[in-house]
Number of protein chains: 2
Amino acid sequence: MVMDELDTALLRILQNDARRTNREMAAELGIAPSTCLERIRGLRERGVISGYHAAVDLQAIDRSTQAIISIKLRPQAMAKATAFQDYVVRLPQTLDMFMVSGGSDFLAHVAVKDTQALRDLVLDLAKRQEIADIRSSVVFEHHHRTTVLPL
Amino acid sequence: MVMDELDTALLRILQNDARRTNREMAAELGIAPSTCLERIRGLRERGVISGYHAAVDLQAIDRSTQAIISIKLRPQAMAKATAFQDYVVRLPQTLDMFMVSGGSDFLAHVAVKDTQALRDLVLDLAKRQEIADIRSSVVFEHHHRTTVLPL
DNA sequence: CTGGCCAACCGAACGACGTTCGGCAGATCT
DNA sequence: AGATCTGCCGAACGTCGTTCGGTTGGCCAG
């Protein structure tokens, strides 16, 4: 996949602020607005940029408590792993869902109102028959990197 | 914190597509563009919306291999936890860094080119003196929810 | 060496957009 | 009931996104 340093610079800008105006970026990079627009459209069409999203502060919407829930399925239930995954992803509390190797099969990153709500969520999840083991870790701090530049 | 259903609707829209035009959103919600602009400015000023970010496809930038690295620090090194955390967050491979309770102290969500690069990263991390235990899980699938609506 | 070809970039022009501001309506309090 | 304040509206202005024709520079074939 082609990816010169102009594309990279645009990626870096748009990851920091997806609402930067086209003209601003063009001026900053020393290219014409029309060129800039074409490059960005190319990035979208090639799928390099998959979307633009507003980041919402979890505290502001009363979801200050985060946790990582590690889940191991019963070996006999692994066939239903996809269905289980879909279920968890669709839970409104879920922020991320990882299917992983190692000691657990899934890690669910969730955000809820408080520890009580976390308790309720875990107890609710534990009802599912396919689960062999479930353990939760409270997240004290979470840092997310929005800028993912090529290595 | 005040948060009526108009703010909520705007949040939902902007989380799905941060580049929607102000007029479009206003029309969709049946309000004037000026009103819409004012509400969004309010959300930003109150910190409900912390930013707008372009989402980049990791495969497109040759970072298709993801992992969760669980790290436990030596008890004597826990005082340096913040410094260690900063170090990992600044690694270009790091996507997320969680400080958690439970069996591990930190979970690092990383994206690298291939398993070889993952091996290098883990071996490099393991050199740090404050680490008592480190174990990595390959991420087979990762689903991220961009829309975080109030519960 | 030269001619032709193709891709990328530019600049102008037009329609659409963001943003501001004055005014208005509804609610609240005295 | 009158005053006050908050939130919303609609018009107007300057800016922006987007398109398109023309130009340049690099590359390959003859």
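In what follows, chains carry the letters A, B, and so on, assigned in the order in which the sequence lines appear, proteins first and then strands, with residues in each chain numbered from 1. Keep in mind that the numbers below use all heavy atoms, side chains included, and drop hydrogens, waters and symmetry copies.
In this structure, A:Arg41 reaches the sugar-phosphate backbone alone: every heavy-atom distance under 4.0 Å involves primed, P, OP1 or OP2 atoms, never a base. Across all strands shown, B:Thr21 has heavy atoms under 4.0 Å from sugar-phosphate atoms exclusively, and none from any base. Heavy atoms of B:Arg19 sit nowhere under 4.0 angstrom from any nucleic acid atom.
Judged by distance alone, with hydrogens and angles left aside, B:Thr35 brings no side-chain donor or acceptor close enough to the base of D:dG7 to form a pair under 3.5 Å.
Atom CZ in B:Arg20 sits roughly 11 Å away from atom P in C:dG18 (whole-Å rounding). If you measure from atom CD of A:Glu38 to atom P of D:dG17, you get 15 Å, rounded to the nearest angstrom. Atom CE in B:Met25 sits about 12 Å away from atom P in C:dC17, given to the nearest Å. Look at CD on A:Glu45: it is 12 Å from P on D:dT18, rounded to the nearest Å. A straight line from CG of B:Asn22 to P of D:dA11 spans 16 Å, rounded to a whole angstrom. In this entry the distance linking CG of A:Leu6 with P of C:dA8 reads 12 Å, nearest Å. Taking atom CG on B:Asp4 and atom P on C:dA27, their separation rounds to 16 Å, with Å as the unit. Protein atom CG of B:Leu37 is 14 Å distant from nucleotide atom C1' of D:dT15, rounded to whole Å.
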request  = Evaluate side-chain contact (heavy atoms from CB on, under 4.5 Å) for A:Asp4 paired with A:Arg39, printing each intermediate quantity in order.
outcome  = CA-CA 11 Å; A:Asp4 61 7; A:Arg39 296 298 278 256; 2.3 Å; yes
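Positionally, the nearest nucleotide of DNA chain C for A:Ser34 lies more toward the 5' end than for the other of A:Ser34 and B:Ser34. Closest-nucleotide positions on DNA chain D for B:Arg23 and B:Ala32 were compared, and the one nearer the 5' end corresponds to B:Ala32.
If you check D:dT18, D:dG7, C:dT19 against the side chain of A:Pro33, the one that comes closest is D:dT18.
Between B:Ile68 and B:Val139, the closest side-chain pair of non-hydrogen atoms falls below 4.5 Å. Counting only heavy atoms from C-beta outward, the side chains of B:Lys72 and B:Ile131 never approach each other to under 4.5 Å.
If you check the side chains of B:Asp96 and A:His143, you find no donor sitting under 3.5 Å from an acceptor.
Tested against B:Gln93, the residues B:Asp124, B:Leu121, B:Asp120, B:Leu125 include a single side-chain contact (heavy atoms from CB on, under 4.5 Å) partner, B:Leu121.
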